Amino acid sequence: MSGLTSLGAAQAGVSSGIESITDLLVVILDLNPIWWSEQLDNGVENGNGPPSQQYGLAPTLDQILIFLNSYLLIHPGNQVVVLGCLHSRSYFLYPPELINMPTDMPSDSRPEAFRIVNHTVQRAIQHILLQTSPDGEPAAGGEEKRETVFVGALSRSLCYIHRMQRESPKGQFVQGRVLVIEAGPDSSSHYMHFINTIFTAQKMNVKIDACVLGEDSILLQQAVDLTGGLYVKVENPGGVVQVLNSVFILDGAERSTMSVPEKIQVDYRAACFCHQKLIEVGYVCSVCLSVFCAFSPMCSTCQSTFKFMTGIKKRKPTDPTSSVPSPSSSSAAVAAVATKKARNGTGPNSNGKA
Amino acid sequence: MANMTDEPDEQGYRWETEYERTWEVLQEDATGSLTASVQDVVLGIKRRRLLERKPNLRLGMMRHLFVILDMSDSMRDQDLRPNRLFCVLRLLENFINEFFDQNPIGQLGVITTRNKRADRLTELAGNPKKHIDALQTLRTTDPHGETTLQNSLELAAQTLRNIPSHASREIILIFGSLSSCDPGNIYDTTRMLRECNIRCSVIGLAAEVSICKTLAKETVGEYSVALDEPHLKDILMSHIVPPPVSSNSDSFLIRMGFPQQKALDRLDEFSFCMCHLDQPEPKTRYGQPGYFCPVCVTKYCELPVECRVCGLTLVSAPHLARSYHHLFPVEAFEEVPKEEIELLADKKCFGCLTETPHSDKSGTTHRFRCKVCQRTFCIDCDLFIHDTLHSCPGCASSAAKTE
Amino acid sequence: MTSAVSSTDPAMVDHKSLYAYLSTLPSSLLENLYRHPNPSLCMAIFRDLTPMAQKFVLRQLFIEQILPKSVFTSWITPEGKKDHDDAVRLLNDLKIWSEAPSTAGLMGWKLNEHFRKGIQAIVVGGGPSWSGDDQPTAEETTPKDIPFIQNYARERWDVVLHFLAGLSGASQISRDTVEVLTNAGLIRGSNSTESGITQNGFRFLLMDTPSQVWRFILAYLHTVPKWGMDLIECISFIFQLSFSQIGKHYSTIGFSSNQLRTLQHFREYGLIYMRSKKSSRYYPTNLVVNLSAGAGLNTSAFSEGYIIVETNYRIMVYTDSPLKIAVVSYFSDMLYRFPNLALGMITRESIRRALMKGISTDEIIKFLRMHAHPQMRENNPVLPSTLTDQIKLWEMERERCVFADGVLYNNFLSQKDFEMLRNYASDLGVAMCSNAANKVVVVSPEGHDQVRAFWKRQKKE
Amino acid sequence: MVNVSKGVLVKCDPAMKQFLIHLDDREELGRKFIIQNIDDDHLFISKDAVETLKDRLDALMDKISISAAKDEK
């Protein structure tokens, strides 16, 4: 680099421009009022298991605040941002978007910095839940409102991380990480925005972690797998803080020195545009790449017409062995299709199951 | 701010262009500081970059591209640091990564031409690592002899000719020398390229060569001569975005497989993977999980790949989705007029909560509104959304069922 | 982080971190440190732990029963082995962990109850609020703003540094401060005003402000027992200060006499600001806030860049404070003085003079980089590499020959004898150097008599 | 019988070692001070020669290094 290599190298270490890394953790909470209230209802009605079996919003929120305080406690440089997402809207809880910073706070054994974060988040959630009574939401189907759309909150958090990286002083690098705590089921209505946001997170090398309370979420599994994050499904409502404080508090470097839950098998099959059904083999329009489960003469998204095809695709002679598309190879393709149909019913490992 | 003055679009060398009078643009404001007007200049540049976006055309998705690299004596010239060959190799590696990032189901091949002969460095393939390793080996071979345009174009066309017509066929020629030694008549080759609908663009490193110009013009390609390294980088990167496909090529419905990754726990499920079959010891991949082709259940380690047994293109859903943003780009945001700025409900930018500054004298309010969801953003978020995010946070969090 | 020099000799107080200092305290003292109602101390100690130690404590926080040791080893990957051992040693030294039989009979690590309560109070809340924090802030006539406090702090701190640098005209400082400085090993024992600055003193002046304050407070804690003040109360008061907010004012009602005395001391050093000696409100200054992060935290926040170094070894110091110019002149020859600028030249003689004083070139380079003018921070590397390489070369020039006492054994009769003696010496680790060809070995003086005794025994058989 | 002698072990680069040997041959310090030449970068010398040797080395260093400041003044 410069001067005597030994001297230069010793000096290069420091002057590579990055002196200190601050960690910024963005937490996205799922505040879907319908799902949380259902938890209480079915807790009371059919009483499945003792009350501690259900997820109450208040107890879960307390555990999450304990996790936030632990994260802030670890290093004075750590920063936390909290977002809340409902069915159709996302809000910044800390730094608050709707209300302004509360000033009069009862003081207790928590340091001031932690108390400010906790109170702001609690105040903001109260404000949001009071403001959006169930009918406050735009009129959408019953089932519709039960789902949670975290995509909007996710893309806003990437914008925020991008801003923090822009504004950080010269020698400092802000390393962003997003933790999504999801309760309700997935909604696949925004797949386009979802996949673009995941690729952006991948490019900014922002890891997306997922802590799921309700059922498993395919979208979050894909997000975690593509960005190299962690995915944990919490069974016991009381153990949320233990899981958060053991797994999701680990930052980049520590995930190699401390054992973390192993990688999940992600189901990457595409969903066809016409029936939203996961398919194994499909037809893709060469212009707009939309996926169909059966051959149709016209593409529904880009209205381009297709020449009729017999489903036999001439094999591209890309490897040198077969330079000219000899007739034999096309017949091989036909044979392959035939055997597939024969074996379809009985094949041991034809993974047709969802 | 450093290279503020040299805009890539001016042709010709820098000393010919008349200097931009930057010192007149910066005026001191009341307090004598320049910062305010410096900010305006920077914002002005950012705005201009936004407006240059090309309108939305129907883009050819399945791209098959051959890169022909000139390895003649002229590549030893040192006008590009450290010499032309090394500079181009460094930029090519960057280009290949970016190409597969933007066109995951596209395929790329590299051909080198030196000593009056053209040879195929790598096959048309979808795995960037293979190409980059091949380029590494080029660093040790030293360029000499003369290039041959005709042989290299013929070699590329030989493969591209029998690609199914729905996929776009392209050649990028990086041409360092000023002469070419061709066996036959070069114009026959250009006519053949045009008939096979192969789009050929040339990037000149030395000077403008007439045969390259006609070649590019006839095959609807682009011909540009690089002035310096940053300019060369810009030209190379401009080839990343898929070229607007000519309307006559008909579209096809391609049959594709979406394999599932399966962990092998039971012993009887262990299998070799096709992609490492010809590796010295394939047994290292024996127990690894892999993707199983839905038609012929052969195992592959990574996607996208074309199944060697049944010819089915195997790809995973995110790969397809990666090219969506070319087709459904976010339209440019409109600027919030001065008078409306006060009555805006939320004073903060929807994306990053910055309180955007007051509207300055040139009337720009640095606040931009998305036409669909009416959310307002600051200029940095606007750029971030259009350059990398490719989706508007406001629309993503609104309930409208946008597909 | 930890360069714990044996603290028995106070003059050599060189603790870089809280851990190094605390591990020297007797365990009974540590025990009631954790029992102290104010959890700020537990917080400071927790923040000073290594990342893995912190994670172990957090995982144990809400688990009552004792976890066997094997649980902790199952939590790490093979790569984390070294961090795991450091964490175990660290937590044992600080008495946070103690060995105890777990329910299953295996030996496990027990988390100190008081430490657990302290951390839980911090993280969960609900405990008693920190003393002196929530008294209704009596109406302060004109609350001081932050810039005022920062100026006051810098001014008072510069007085201490002026005295240390031995500049004439430095206003007098109290006898207690001189005692603390001697204890910190920064000035020689003589309590005459003439500055007998030691080598550590020079290096102290070159350090950035937060680590200076940190080292000073550690020395202060060492001298507190001499003044008969209660160490625990003093430590917890300091850490409570470090977690307060700058710009707010706190009341001093209900403070013990010890705390009031500490308050007066800190007022003199500029760590807190009080309107007058007897005022009942005090403002923590930026020197003491987030002190517990030790020397590591954002040094850039403190050092406003005022030094420009050029590739022709000329150095420009944009300041008028004699202190800054005095410090820079330790390693450069001052050529010209202007009202707001001092211009100097770094030469071989100036660097050798600094090396004689015991300042190392790494400290000089770190000082220059820390106070580099914002304009210089643009380029990478910040300091011109020709300068830093040359400075290092001048340092290496002085160390071309390394002299070390030794005892020479030569003209052995047989190769066998030579090898036997050499192997014995090297097993003992006292063989400094040896050459098989001409059968010569040099042994360190300490090892000499053992080797000789060994040789005599061999000769007898 | 094995010979034992006390002294000072000098570790230095070969070039500096040659300079020391040169001093020893020409008895610049009044008498021979090298007791044993061990290997390329180690010498064993008598204890009392160390101080004068250091000054002589500094003089050498000053002689061979040009200083920019001198022509400045």
Side-chain angles (χ1 to χ4, degrees), chain C residues 311-314 332-333 335-336 344-352 356 386-387 390 393-394 396-414 417-418 420-422 431-445 448-449 451-452 455-456 458-459, chain D residues 1-25 28-29 31-73:
Chain C
T311 49
N312 58 5
Y313 300 99
R314 287 170 81 91
S332 64
D333 306 339
L335 301 176
Y336 314 105
M345 183 85 162
I346 294 185
T347 64
R348 186 167 163 275
E349 286 67 29
S350 70
I351 293 290
R352 285 172 69 85
M356 251 39 118
T386 55
L387 179 79
Q390 182 58 63
L393 280 176
W394 280 331
M396 285 158 77
E397 191 185 73
R398 280 166 48 82
E399 287 145 9
R400 286 200 65 167
C401 280
V402 177
F403 300 93
D405 291 348
V407 176
L408 178 74
Y409 290 74
N410 54 9
N411 56 41
F412 286 85
L413 300 182
S414 71
D417 291 353
F418 162 73
M420 187 174 45
L421 189 126
R422 187 198 51 196
M432 291 166 76
C433 135
S434 64
N435 184 328
N438 43 32
K439 299 205 286 294
V440 164
V441 68
V442 176
V443 171
S444 66
H448 169 51
D449 23 25
V451 172
R452 193 164 40 142
W455 182 248
K456 285 224 167 28
Q458 287 310 350
K459 274 299 131 223
Chain D
M1 239 304 273
V2 171
N3 170 0
V4 172
S5 45
K6 286 199 168 36
V8 169
L9 174 70
V10 182
K11 180 178 181 318
C12 56
D13 45 278
M16 183 52 76
K17 192 164 96 69
Q18 287 315 319
F19 176 70
L20 293 183
I21 293 172
H22 161 72
L23 284 182
D24 187 53
D25 296 348
E28 300 258 333
L29 274 70
R31 66 216 174 308
K32 284 197 179 303
F33 53 90
I34 293 183
I35 300 172
Q36 173 75 40
N37 177 345
I38 300 172
D39 60 18
D40 286 355
D41 41 24
H42 288 89
L43 271 179
F44 202 76
I45 61 171
S46 60
K47 200 164 182 39
D48 44 23
V50 171
E51 283 322 316
T52 48
L53 203 56
K54 279 187 180 166
D55 305 343
R56 188 57 66 89
L57 286 183
D58 280 353
L60 170 73
M61 283 299 140
D62 291 347
K63 189 152 61 67
I64 57 173
S65 72
I66 47 117
S67 161
K70 276 203 196 54
D71 43 47
E72 262 285 308
K73 292 217 175 39

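Since the model is a prediction, treat every value here as computed from it, not as a measurement.
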Side chain to side chain contact (heavy atoms under 4.5 Å, CB included) between Arg400(C) and Leu60(D), intermediate numbers included: CA-CA 12 Å; Arg400(C) 286 200 65 167; Leu60(D) 170 73; over 6 Å; no

Interface moiety of Lys17(D) toward chain C, non-hydrogen atoms closer than 4.5 Å: neither

Residue among Val440(C), Asn312(C), Asp405(C), Ile346(C) with most heavy-atom pairs under 4.5 Å to chain D: Asp405(C)

Lys54(D) NZ: over 12 foreign heavy atoms closer than 6.0 Å: no

Which atoms of Leu9(D) approach chain C - backbone, side chain, both or neither, heavy atom under 4.5 Å: both

Validation row: Val442(C), His42(D) side chains within 4.5 angstrom (heavy atoms): no

Chain C contact via Asp40(D) - side chain, backbone, both or neither, heavy atoms under 4.5 Å: neither

Side chain / backbone / both / neither for Asp62(D) at chain C, heavy atoms under 4.5 Å: both

CD on Glu51(D) to CZ on Phe403(C), rounded to 0.5 Å: 8.5 Å

Winner by heavy-atom pair count (cut-off under 4.5 Å) against chain C, out of Asp41(D), Val50(D), Val10(D), Leu57(D): Val10(D)

Atom pair CE (Met61(D)) and CD (Glu397(C)), whose distance is rounded to the nearest 0.5 Å: 5.5 Å

Side-chain donor or acceptor of Asn435(C) paired with backbone N/O of Ile38(D) under 3.5 Å: yes

Interchain contact, Leu43(D) with chain C, by part (heavy-atom threshold 4.5 Å): neither

Pairs of heavy atoms under 4.5 Å with chain D: top-ranked of Ala437(C), Ala404(C), Ser434(C), Ser350(C): Ala404(C)

Chain D contact via Arg452(C) - side chain, backbone, both or neither, heavy atoms under 4.5 Å: neither

Chain D contacts, top residue of Val441(C), Asn438(C), Val402(C) (heavy-atom pairs, under 4.5 Å): Val402(C)

